[in-house]
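Quick note: numbers below take in every heavy atom, side chains included, and nothing from hydrogens, waters or symmetry partners. Throughout, protein chains are lettered first and strands after them, A, B, ... in sequence-line order, and every chain is numbered starting at 1.
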2 protein chains.
Amino acid sequence: MAQCLADLDGLFLALADPTRRAVIHRLGHGPASVGELAREATMTLPSFMKHVRVLETNGLIHTAKSGRVRTCTLNRERFTVVEDWLARQRRLWEERTDRLEQFVTDSTHSMEKRTS
Amino acid sequence: MAQCLADLDGLFLALADPTRRAVIHRLGHGPASVGELAREATMTLPSFMKHVRVLETNGLIHTAKSGRVRTCTLNRERFTVVEDWLARQRRLWEERTDRLEQFVTDSTHSMEKRTS
DNA sequence: TTGATACTTAGCTCTTGCGCTAAGTGTTGT
DNA sequence: ACAACACTTAGCGCAAGAGCTAAGTATCAA
């Protein structure tokens with residue numbers, strides 16, 4: 001729970017790169033090997049691997065090596081940490097909007113009382 | 001539209017800092033001055049101002065100066081760019097899950113045909 | 001007018017992120 | 001055995017991010 005606050009730093013940072021978002025997008029269609037993913041990127045394999053590591057250490061993907069091939073899979077649940085944060089902020093604004101509406105409604109009632 | 005892709009880099013980067021997320025959280029309750037926001041942060045004003053600028057240049061907040069006070073307001077609409085991206089990825093997985101279920105269902109039918 | 005207030009600018013460190021090359025490890029196919 | 005393959009490690013260079021201090025500007029209050 002308290003961990004989630006720290007997690008957000010890494011998660012948002014991991015998502016703040018087009019190469020990594022492209023990997024996520026690709027893995028949305030199903031698992032893929034590092035080589036397969038790297039072919040679509042415009043950089044050397046070692047550079048690309050770093051991106052894969054970032055995604056993995058932040059829990060956005062899971063990887064497993066079988067023979068000489070490392071296969072990557074999307075970890076869908078992890079995205080809810082980000083989505084939940086966004087939802088919490090949104091709820092905050094909406095609560096405030098509700099209070100503002102309440103205020104306006106109350107004022108209208110007061111005016112009605114005054115005018116009637 | 002095409003701009004949104006580049007925007008995501010900056011947006012996610014802007015959100016990848018606890019100080020900046022704290023500002024967003026605070027502004028969720030309503031507008032506030034830079035000084036007011038800075039008081040809650042554990043750093044000098046010039047350092048804090050940089051965070052405010054990052055949030056502003058990425059469109060997450062709007063600021064306006066009146067006299068010597070700069071007031072910050074949350075730009076709620078901007079968050080949809082991030083939310084939409086997350087929703088798009090999620091839709092992708094769900095489409096795939098649907099196809100997998102379809103496949104499983106089809107296989108079951110085939111087996112039924114075979115076993116019956 | 002003068003002092004306090006609320007930023008604002010300039011410029012400096014230190015760390016981290018992102019790319020590269022070169023060389024190494026473990027598997028697989030012949 | 002040995003070459004090709006699929007990473008993997010090590011280490012370098014550059015650019016950007018996040019913090020600081022010191023000094024400047026523009027209100028506002030008395």
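- Of the possible polar contacts, none joining the B:Arg20 side chain to the B:Leu15 backbone as a donor-acceptor pair under 3.5 Å is found.
- Both B:Trp85 and B:Phe79 belong to a single network of hydrophobic side chains, linked directly or stepwise wherever heavy atoms of I, L, V, M, F, W or Y lie under 4.5 Å apart.
- The base of D:dC7 does not come close enough to the side chain of A:Arg68 for any donor and acceptor atom to sit less than 3.5 Å apart.
- The base of C:dG19 sits within donor-acceptor range of the side chain of A:Lys50, with an N or O pair under 3.5 Å.
- For A:Arg70 and C:dT27, the CZ to P distance is 12 Å, given to the nearest whole Å.
- Rounded to whole angstrom, the span from the CG atom of B:Leu37 across to the C1' atom of C:dC7 amounts to 13 Å.
- In this entry the distance linking CZ of A:Arg39 with C1' of D:dC5 reads 11 Å, nearest Å.
- Distance, A:Glu56 CD to D:dT8 P: 10 Å, rounded to whole Å.
- Between B:Glu56 and B:Arg53, at least one side-chain N (NZ, or NE/NH1/NH2) sits under 4.0 Å from a carboxylate O, which counts as a salt bridge.
- Rounded to whole Å, the distance from CZ on B:Arg53 to C1' on C:dC7 is 9 Å.
- In this structure, CG of A:Leu15 is placed 15 Å from P of C:dG17, rounded to the nearest angstrom.
- A:Trp93 places a side-chain N or O within 3.5 Å of a backbone atom of A:Gln89 that can act as its donor or acceptor partner.
- With hydrogens and angles disregarded, no donor-acceptor distance shorter than 3.5 Å links the side chain of B:Asn58 to the backbone of B:Leu60.
- Residue B:His51 contributes atom NE2, which lies 9 Å from atom C1' of D:dG17 at whole-angstrom precision.
- Mapped onto DNA chain C by nearest heavy atom, B:Thr71 and A:Val54 fall at different nucleotides, with B:Thr71 at the one closer to the 5' end.
- Contact annotation for B:Arg20: backbone-only contact, meaning every heavy-atom pair under 4.0 Å involves sugar-phosphate atoms and none involves a base.
- C:dG17 atom C1' lies 13 Å from atom CG of B:Asp9, rounded to whole Å.
- Look at A:Ser47 and you won't find any side-chain N or O under 4.0 angstrom from OP1 or OP2 of C:dC18.
- The residue among A:Asp17 and A:Ser66 whose nearest nucleotide of DNA chain C lies closer to the 5′ end is A:Asp17.
- Relative to the side chain of B:Pro46, the nucleotides D:dT8, D:dA6, C:dA10 differ in distance, and C:dA10 lies closest.
- Which of D:dG17, C:dC7, D:dC20 sits closest to the side chain of B:Lys65 comes down to C:dC7.
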